[in-house]
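See structure below.
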Amino acid sequence: MLSYQHAYHAGNLADLHKHGLLASMLDYLTRKDKPLSYIETHAGRGLYDLSSAEARKTGEAAAGVEARELPEGHPLARVLAEVRARFGPSAYPGSPLVAETLLRAGDAVHLAELHPAEHDALERTVARGTRVYHEDGFALAQSLAPPEPRRGLLLCDPSYEVKADYDAIPKRFAQLHKKWNVGILALWYPILTDARHESMLRALKAAFPDAVDHQVRFPPARPGHAMVGSGMFVVNPPWGLPEAGAEIERLIHTP
(Lines give C-alpha, C1' and ligand atoms only; values in the text may rest on other atoms or scores of the structure.)
Protein backbone atom coordinates (compact mmCIF):
# COMPACT_ATOMS: atom_id res chain seq x y z
CA MET A 1 0.00 0.00 0.00
CA LEU A 2 2.91 2.38 0.64
CA SER A 3 5.38 1.07 -1.92
CA TYR A 4 5.09 3.83 -4.52
CA GLN A 5 8.26 5.89 -5.00
CA HIS A 6 7.86 8.95 -7.22
CA ALA A 7 11.64 9.37 -7.61
CA TYR A 8 11.44 6.99 -10.58
CA HIS A 9 8.87 9.19 -12.33
CA ALA A 10 9.68 12.77 -11.26
CA GLY A 11 9.81 15.24 -14.12
CA ASN A 12 7.89 13.05 -16.55
CA LEU A 13 5.17 14.34 -18.88
CA ALA A 14 2.46 13.79 -16.29
CA ASP A 15 4.43 15.93 -13.82
CA LEU A 16 4.82 18.63 -16.45
CA HIS A 17 1.06 18.64 -16.96
CA LYS A 18 0.17 18.53 -13.26
CA HIS A 19 2.76 21.03 -12.06
CA GLY A 20 2.19 23.36 -14.99
CA LEU A 21 -1.52 23.62 -14.17
CA LEU A 22 -0.88 23.87 -10.42
CA ALA A 23 1.64 26.68 -10.94
CA SER A 24 -0.77 28.56 -13.21
CA MET A 25 -3.61 28.30 -10.69
CA LEU A 26 -1.45 29.47 -7.79
CA ASP A 27 0.01 32.27 -9.88
CA TYR A 28 -3.51 33.52 -10.58
CA LEU A 29 -4.62 33.21 -6.95
CA THR A 30 -1.62 35.13 -5.60
CA ARG A 31 -2.28 38.13 -7.83
CA LYS A 32 -4.89 39.27 -5.29
CA ASP A 33 -3.62 40.75 -2.06
CA LYS A 34 -5.63 38.27 0.01
CA PRO A 35 -4.20 35.31 1.96
CA LEU A 36 -5.07 31.77 0.99
CA SER A 37 -4.80 28.18 2.21
CA TYR A 38 -3.06 25.39 0.33
CA ILE A 39 -3.76 21.76 1.31
CA GLU A 40 -2.13 18.70 -0.22
CA THR A 41 -3.36 15.21 0.60
CA HIS A 42 -0.49 13.14 -0.83
CA ALA A 43 2.54 15.42 -0.80
CA GLY A 44 5.50 13.07 -1.41
CA ARG A 45 9.02 14.17 -0.56
CA GLY A 46 8.80 17.57 -2.26
CA LEU A 47 12.18 17.50 -4.02
CA TYR A 48 13.76 15.11 -6.53
CA ASP A 49 17.17 14.71 -8.15
CA LEU A 50 16.86 14.07 -11.88
CA SER A 51 20.47 12.82 -11.97
CA SER A 52 19.67 10.06 -9.44
CA ALA A 53 19.87 6.37 -10.24
CA GLU A 54 16.09 6.12 -9.96
CA ALA A 55 15.45 8.88 -12.50
CA ARG A 56 18.10 7.56 -14.89
CA LYS A 57 16.68 4.03 -14.67
CA THR A 58 13.31 4.96 -16.18
CA GLY A 59 14.42 7.90 -18.35
CA GLU A 60 11.03 9.54 -17.82
CA ALA A 61 12.44 12.92 -16.89
CA ALA A 62 14.77 12.84 -19.90
CA ALA A 63 11.71 12.41 -22.12
CA GLY A 64 9.69 14.90 -20.06
CA VAL A 65 10.74 18.17 -18.48
CA GLU A 66 14.36 17.86 -19.66
CA ALA A 67 13.24 17.57 -23.29
CA ARG A 68 11.00 20.64 -23.24
CA GLU A 69 11.56 24.32 -22.62
CA LEU A 70 8.84 26.13 -20.73
CA PRO A 71 7.83 29.51 -22.15
CA GLU A 72 9.65 32.44 -20.61
CA GLY A 73 7.61 33.86 -17.76
CA HIS A 74 5.55 30.72 -17.19
CA PRO A 75 5.08 30.31 -13.42
CA LEU A 76 6.50 26.77 -13.50
CA ALA A 77 9.61 28.09 -15.28
CA ARG A 78 10.05 30.58 -12.43
CA VAL A 79 9.68 27.77 -9.89
CA LEU A 80 12.26 25.60 -11.66
CA ALA A 81 14.74 28.45 -11.80
CA GLU A 82 14.36 29.25 -8.10
CA VAL A 83 14.45 25.62 -6.95
CA ARG A 84 17.57 24.89 -9.02
CA ALA A 85 19.27 28.00 -7.69
CA ARG A 86 18.68 26.65 -4.17
CA PHE A 87 19.25 22.92 -4.66
CA GLY A 88 21.36 22.48 -7.82
CA PRO A 89 20.86 22.13 -11.58
CA SER A 90 19.37 18.60 -11.48
CA ALA A 91 16.78 19.44 -8.81
CA TYR A 92 13.09 19.02 -9.64
CA PRO A 93 10.29 20.28 -7.36
CA GLY A 94 7.37 18.16 -6.32
CA SER A 95 4.07 19.94 -5.88
CA PRO A 96 4.86 21.04 -2.29
CA LEU A 97 7.84 23.07 -3.53
CA VAL A 98 5.86 24.37 -6.51
CA ALA A 99 3.32 25.71 -4.01
CA GLU A 100 5.85 26.92 -1.47
CA THR A 101 7.80 28.84 -4.12
CA LEU A 102 4.74 30.66 -5.44
CA LEU A 103 2.90 31.26 -2.17
CA ARG A 104 3.52 34.18 0.18
CA ALA A 105 4.45 34.58 3.82
CA GLY A 106 0.84 35.11 4.90
CA ASP A 107 -0.52 32.01 3.17
CA ALA A 108 -1.19 28.77 5.09
CA VAL A 109 0.34 25.53 3.75
CA HIS A 110 -0.74 22.07 5.00
CA LEU A 111 0.97 18.96 3.59
CA ALA A 112 0.04 15.36 4.41
CA GLU A 113 2.28 12.39 3.63
CA LEU A 114 1.75 8.90 5.06
CA HIS A 115 4.88 7.14 3.77
CA PRO A 116 7.45 7.37 6.63
CA ALA A 117 10.56 7.95 4.49
CA GLU A 118 8.80 10.39 2.16
CA HIS A 119 7.35 12.26 5.14
CA ASP A 120 10.78 12.61 6.76
CA ALA A 121 12.33 13.85 3.51
CA LEU A 122 9.47 16.33 3.09
CA GLU A 123 10.02 17.74 6.58
CA ARG A 124 13.70 18.30 5.80
CA THR A 125 12.92 20.06 2.51
CA VAL A 126 10.10 22.52 3.15
CA ALA A 127 10.34 25.85 4.94
CA ARG A 128 9.88 26.07 8.68
CA GLY A 129 6.46 27.71 8.46
CA THR A 130 4.97 24.90 6.37
CA ARG A 131 2.89 22.40 8.32
CA VAL A 132 3.70 18.76 7.53
CA TYR A 133 1.46 15.95 8.82
CA HIS A 134 2.25 12.22 9.05
CA GLU A 135 -1.33 11.12 8.55
CA ASP A 136 -3.92 10.16 5.96
CA GLY A 137 -4.41 13.10 3.62
CA PHE A 138 -8.16 12.71 3.19
CA ALA A 139 -8.63 12.65 6.96
CA LEU A 140 -6.48 15.77 7.29
CA ALA A 141 -8.44 17.60 4.61
CA GLN A 142 -11.72 16.75 6.30
CA SER A 143 -10.42 17.96 9.66
CA LEU A 144 -9.20 21.26 8.20
CA ALA A 145 -12.21 22.05 6.00
CA PRO A 146 -13.08 24.83 5.88
CA PRO A 147 -9.54 26.10 6.46
CA GLU A 148 -8.52 29.53 7.58
CA PRO A 149 -8.16 31.49 5.35
CA ARG A 150 -11.19 30.06 3.52
CA ARG A 151 -9.88 31.18 0.14
CA GLY A 152 -7.58 28.53 -1.29
CA LEU A 153 -6.79 25.34 -3.14
CA LEU A 154 -6.54 21.64 -2.34
CA LEU A 155 -4.47 19.27 -4.47
CA CYS A 156 -5.27 15.56 -4.31
CA ASP A 157 -2.61 13.47 -6.05
CA PRO A 158 -2.85 9.85 -4.83
CA SER A 159 -0.55 7.11 -6.07
CA TYR A 160 -3.66 5.06 -6.94
CA GLU A 161 -1.92 1.99 -5.53
CA VAL A 162 -5.21 1.25 -3.80
CA LYS A 163 -7.75 0.68 -6.58
CA ALA A 164 -10.56 1.57 -4.17
CA ASP A 165 -9.39 5.19 -4.46
CA TYR A 166 -11.19 5.45 -7.80
CA ASP A 167 -14.50 4.62 -6.11
CA ALA A 168 -13.87 6.63 -2.94
CA ILE A 169 -12.64 9.92 -4.39
CA PRO A 170 -15.99 11.22 -5.76
CA LYS A 171 -17.58 10.76 -2.33
CA ARG A 172 -14.62 12.39 -0.58
CA PHE A 173 -14.71 15.37 -2.93
CA ALA A 174 -18.44 15.77 -2.34
CA GLN A 175 -17.85 15.79 1.43
CA LEU A 176 -15.05 18.34 1.15
CA HIS A 177 -17.06 20.59 -1.16
CA LYS A 178 -20.00 20.51 1.25
CA LYS A 179 -17.74 21.79 4.07
CA TRP A 180 -15.61 24.11 1.90
CA ASN A 181 -17.79 25.23 -0.97
CA VAL A 182 -15.50 28.11 -2.02
CA GLY A 183 -12.33 26.00 -2.15
CA ILE A 184 -10.69 24.98 -5.42
CA LEU A 185 -10.45 21.18 -5.34
CA ALA A 186 -7.94 19.80 -7.85
CA LEU A 187 -7.58 16.08 -8.52
CA TRP A 188 -4.75 14.63 -10.59
CA TYR A 189 -5.31 11.17 -12.08
CA PRO A 190 -3.43 8.92 -14.51
CA ILE A 191 -4.93 7.89 -17.83
CA LEU A 192 -4.15 4.18 -18.17
CA THR A 193 -4.65 1.80 -21.05
CA ASP A 194 -7.43 -0.01 -19.16
CA ALA A 195 -9.34 3.29 -18.72
CA ARG A 196 -10.01 2.59 -15.03
CA HIS A 197 -10.41 6.33 -14.39
CA GLU A 198 -13.59 6.62 -16.45
CA SER A 199 -16.12 5.50 -13.82
CA MET A 200 -14.56 7.91 -11.31
CA LEU A 201 -14.81 10.76 -13.82
CA ARG A 202 -18.46 10.00 -14.59
CA ALA A 203 -19.29 10.27 -10.89
CA LEU A 204 -17.26 13.48 -10.49
CA LYS A 205 -18.83 15.13 -13.53
CA ALA A 206 -22.33 14.23 -12.30
CA ALA A 207 -21.56 15.80 -8.92
CA PHE A 208 -19.69 18.83 -10.30
CA PRO A 209 -21.06 19.71 -13.76
CA ASP A 210 -19.26 23.09 -13.80
CA ALA A 211 -15.82 21.66 -13.08
CA VAL A 212 -12.98 21.70 -15.61
CA ASP A 213 -11.48 18.37 -16.65
CA HIS A 214 -8.25 18.81 -18.58
CA GLN A 215 -6.54 15.80 -20.15
CA VAL A 216 -3.40 15.37 -22.20
CA ARG A 217 -2.33 12.18 -23.98
CA PHE A 218 1.20 11.01 -24.72
CA PRO A 219 3.01 7.80 -25.73
CA PRO A 220 3.92 5.29 -23.01
CA ALA A 221 7.28 5.96 -21.36
CA ARG A 222 8.50 2.51 -22.45
CA PRO A 223 7.03 -0.60 -24.11
CA GLY A 224 4.31 -2.09 -21.96
CA HIS A 225 3.99 0.97 -19.71
CA ALA A 226 0.31 1.46 -18.88
CA MET A 227 0.13 5.25 -18.47
CA VAL A 228 -0.76 7.02 -21.71
CA GLY A 229 -2.02 10.34 -20.40
CA SER A 230 -2.61 12.68 -17.49
CA GLY A 231 -5.76 14.34 -16.20
CA MET A 232 -6.61 17.17 -13.83
CA PHE A 233 -10.19 17.59 -12.59
CA VAL A 234 -10.78 20.95 -10.93
CA VAL A 235 -13.85 21.98 -8.92
CA ASN A 236 -14.38 25.76 -8.71
CA PRO A 237 -11.72 26.32 -11.42
CA PRO A 238 -9.96 29.69 -11.37
CA TRP A 239 -10.18 32.01 -14.34
CA GLY A 240 -7.88 31.10 -17.24
CA LEU A 241 -7.49 27.40 -16.43
CA PRO A 242 -8.53 26.07 -19.89
CA GLU A 243 -6.04 28.42 -21.57
CA ALA A 244 -3.29 27.33 -19.16
CA GLY A 245 -4.09 23.72 -19.99
CA ALA A 246 -3.92 24.37 -23.72
CA GLU A 247 -0.48 26.00 -23.28
CA ILE A 248 0.88 22.98 -21.40
CA GLU A 249 -0.68 20.58 -23.91
CA ARG A 250 1.09 22.35 -26.79
CA LEU A 251 4.37 22.08 -24.89
CA ILE A 252 3.93 18.37 -24.22
CA HIS A 253 3.15 17.70 -27.88
CA THR A 254 6.16 19.74 -29.10
CA PRO A 255 9.38 18.14 -27.83
Side-chain angles (χ1 to χ4, degrees), residues 4 6 9-28 40-42 44 58 60-61 63-65 67-68 70-71 74-77 94-95 98-99 153-174 176-177 183-222 224-255:
Y4 179 80
H6 193 64
H9 314 290
N12 64 8
L13 291 174
D15 264 5
L16 187 59
H17 177 232
K18 172 177 59 185
H19 295 151
L21 289 181
L22 175 63
S24 292
M25 288 191 284
L26 291 174
D27 178 67
Y28 174 75
E40 193 162 342
T41 59
H42 301 73
T58 62
E60 292 185 28
V65 68
R68 285 152 177 86
L70 284 156
H74 192 284
L76 184 57
S95 43
V98 172
L153 183 151
L154 174 143
L155 175 64
C156 178
D157 175 19
S159 67
Y160 295 96
E161 286 182 291
V162 183
K163 292 184 179 179
D165 280 346
Y166 289 96
D167 296 324
I169 283 171
K171 181 184 293 186
R172 285 167 170 160
F173 262 49
L176 283 169
H177 180 68
I184 298 168
L185 307 180
L187 172 71
W188 178 84
Y189 60 91
I191 298 174
L192 306 176
T193 52
D194 64 7
R196 68 181 66 174
H197 64 285
E198 289 186 353
S199 61
M200 177 184 72
L201 272 185
R202 284 195 295 271
L204 285 168
K205 289 178 179 179
F208 304 105
D210 296 327
V212 166
D213 177 41
H214 188 269
Q215 297 184 358
V216 61
R217 305 287 178 135
F218 42 75
R222 51 195 168 276
H225 192 59
M227 188 166 71
V228 292
S230 170
M232 186 80 94
F233 186 88
V234 183
V235 179
N236 293 332
W239 183 86
L241 183 60
E243 291 77 12
E247 184 177 29
I248 286 293
E249 187 170 1
R250 286 193 298 271
L251 181 66
I252 286 174
H253 291 156
T254 311

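Remember, predicted model here, so these are calculated numbers, not experimental data.
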Inset, instruction - Quick one: pull up CG in Leu21 and OG in Ser95 and give me the separation to the nearest 0.5 Å. - result: 12.5 Å
Legend entry - Any side-chain heavy-atom pair of Thr41 and Leu154 under 4.5 Å: yes
Legend entry - Asn12 side chain vs His9 backbone, donor-acceptor pair below 3.5 Å: yes
Legend entry - Pairwise salt bridge (charged side-chain N to carboxylate O under 4.0 Å, His left out) hits with a residue in residues 199-216, at least two apart: Lys205-Asp213
Inset, instruction - Can you measure from OG (Ser230) to CG (Asp15) and round to the nearest 0.5 angstrom? - result: 8.5 Å
Legend entry - Whether His17 side chain and Trp188 backbone form a donor-acceptor pair below 3.5 Å: no
Inset, instruction - Mind listing the closest non-hydrogen atom pair of Tyr166 and Pro190 along with its distance? - result: OH-CG, 3.7 Å
Legend entry - From Leu76 atom CG to Lys18 atom NZ, the distance as rounded to the nearest 0.5 Å: 11.5 Å
Legend entry - Heavy-atom pair of closest approach, residues Gly64 and Leu13: CA-CD2, 3.8 Å
Legend entry - Non-hydrogen atoms of His19 and Gly94 that approach each other most closely: NE2-C, 3.9 Å
Legend entry - For Leu187 against Pro158, the heavy-atom pair lying closest together: CD1-CD, 4.2 Å
Legend entry - Between Gln215 and Tyr189: side-chain donor-acceptor atoms closer than 3.5 Å: yes
Legend entry - Distance in Å, His253 NE2 paired with Arg217 CZ, rounded so as to fall on 0.5 Å steps: 10.0 Å
Legend entry - Side-chain touch Phe218/Leu16, heavy atoms, less than 4.5 angstrom: no
Legend entry - Close side-chain approach of Pro170 and Met200, heavy atoms under 4.5 Å: yes
Legend entry - Nearest heavy-atom neighbours spanning Ile184 and Pro238: CD1-CD, 4.0 Å
Legend entry - Min side-chain heavy-atom separation Leu241-Val234 under 4.5 Å: yes
Inset, instruction - Spell out, as yes or no, whether a donor-acceptor pair under 3.5 Å connects the side chain of Arg68 to the backbone of Ile252. - result: yes
Inset, instruction - Taking the side chain as every heavy atom from C-beta outward, state whether Ile248 and Val216 have any pair of such atoms under 4.5 Å apart. - result: no
Legend entry - Worked verdict on His225 versus Glu60 for side-chain contact (heavy atoms from CB on, under 4.5 Å): CA-CA 11 Å; His225 192 59; Glu60 292 185 28; 4.2 Å; yes
Legend entry - His197 side chain to Ile191 backbone, donor-acceptor under 3.5 Å: no
Legend entry - Interatomic distance, Leu153 atom CG to Leu185 atom CG [nearest 0.5 angstrom]: 8.0 Å
Inset, instruction - Indicate whether any N or O donor in one side chain lies under 3.5 Å from an N or O acceptor in the other, for Asp27 and His74. - result: no
Inset, instruction - Kindly assign one of parallel, tilted or perpendicular to the pair Phe173 and Phe208, based on the angle between their ring planes and the thresholds 30° and 60°. - result: perpendicular
Legend entry - Closest approach of Pro237 to Ala211 (non-hydrogen atoms, all atoms of both residues): CD-CA, 4.4 Å
Inset, instruction - First locate atom CD of Glu40, then atom SG of Cys156, and finally report the distance between them rounded to the nearest 0.5 Å. - result: 9.5 Å
